[in-house]
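To start, the structure itself, in structure tokens.
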Amino acid sequence: MNSKYIQILTLVIVFAGSAFVVFLYWTEPRTIAEVSVKGQVVLGTYTINRAEFDQGLGNFHRDEFIAARAAFDRADPQKRDAIVQFYTAYSYYRQGWGRISNDDALFRAGVEAADRVTAIEPNFRIADDSLKMKTAYELRAELDEGLKITLSDFNPLRLTRERK
């Protein structure tokens, strides 16, 4: 074998090894199984677990929000799918909403999930007709409003308001 080919082969091996090390530092996987998932995210081939998403969606529509979020987390472990993250944020809103007061911890978690949606897809719009809020911006505004204490919070007619 010619020494020129050996040098080229050595450079290719060194380059491939360096690229793999850079990939590992960039994605920071914690386990060997996570290397595959992180690689899918980097390459743009990441998909959600559809069965878990469907189970979470069923739980969401039955108002079983804790179970729905658990299924959504299993469906989208990397939190990279806008639809799953929107339903997650909406479940925090629905569980935290109250006629008299809202659960601030759940609303803050909902804000974080809504922010993930806008980071993934800024012009996101859901096609689910059963939801009154269709965009992450509407949901975020409702969550932010629920976190504020205003004079209207003490209005007795507030007891007649409906959850979105």
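Quick caveat, the model's predicted, so the values are computed rather than measured.
Once rounded to the nearest 0.5 Å, the distance linking OG of Ser91 with CG of Asp63 reads 10.5 Å. Of the inter-residue distances, the one linking Tyr5 atom OH with Thr10 atom OG1 reads 14.5 Å to the nearest 0.5 angstrom. The NZ atom of Lys79 sits 5.5 Å away from atom CZ of Arg116, with the distance rounded to the nearest 0.5 Å. Here Ile8 contributes atom CD1 and Ile13 contributes atom CD1; the two are 12.5 Å apart, rounded to the nearest 0.5 Å. If you take CD on Gln85 and CG on Asp73, they are separated by 7.5 Å, rounding to the nearest 0.5 Å.
Counting only heavy atoms from C-beta outward, the side chains of Tyr137 and Pro122 approach each other to under 4.5 Å. Residues Asn59 and Phe65 fail the side-chain proximity criterion, which asks for heavy atoms closer than 4.5 Å. Looking only at side-chain heavy atoms (C-beta outward), Asn49 and Asp76 stay at 4.5 Å or farther from each other.
For the side chain to side chain donor-acceptor pair (under 3.5 Å) test, residues two or more places apart in sequence or in another chain that qualify with Asp115 are Arg140. Partners of Ile66 by side-chain contact (heavy atoms from CB on, under 4.5 Å), not counting sequence neighbours, listed by chain and number: Arg69, Gln95. Remark: Ile83 engages Phe53, Asp81, Tyr87, Phe124, Ile126 in a side-chain contact (heavy atoms from CB on, under 4.5 Å) (not counting sequence neighbours). Scored by the salt bridge (Lys or Arg N to Asp or Glu O under 4.0 Å) test, Asp128 finds no partners at all (sequence neighbours excluded). With sequence neighbours excluded, no residue forms a salt bridge (Lys or Arg N to Asp or Glu O under 4.0 Å) with Glu121. Qualifying side chain to side chain donor-acceptor pair (under 3.5 Å) partners for Arg50, counting only residues two or more places apart in sequence or in other chains: none. Here Arg74 pairs with Glu52, Gln55, Ala70, Ala71 under the side-chain contact (heavy atoms from CB on, under 4.5 Å) rule; sequence neighbours left out. Residues satisfying the salt bridge (Lys or Arg N to Asp or Glu O under 4.0 Å) test with Asp103, not counting sequence neighbours, are none. Shown here are the side-chain contact (heavy atoms from CB on, under 4.5 Å) partners of Glu138, two or more places apart in sequence or in another chain: Met133, Lys134, Thr135.
Across every non-hydrogen atom of Val117 and Phe86, the tightest pair is CG2-N, 3.3 Å. Here the closest non-hydrogen pair linking Phe60 and Leu131 is CE2-CD2, 3.6 Å. The shortest non-hydrogen separation linking Gly146 to Asp104 is O-OD1, 4.1 Å. Minimum heavy-atom separation, Ala89 to Ala113: CB-CB, 3.6 Å.
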Practice prompt. Using the side chain to side chain contact (heavy atoms under 4.5 Å, CB included) rule, take Val111 and Asp144 through it: C-alpha gap first, then chi angles, then the decisive distance, then the call.
Written response: CA-CA 7 Å; Val111 166; Asp144 283 339; 3.7 Å; yes
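Think of Tyr92 as one node in a network of Ile, Leu, Val, Met, Phe, Trp and Tyr side chains linked at under 4.5 Å; its network also takes in Leu106. Using a 4.5 Å cut-off between side-chain heavy atoms of Ile, Leu, Val, Met, Phe, Trp and Tyr, Ile120 forms no hydrophobic cluster with any other residue.
For residues 102-122, the ring-ring contact (aromatic ring centres under 6.0 Å, His included) pairs, not counting sequence neighbours, are Tyr93-Phe107.
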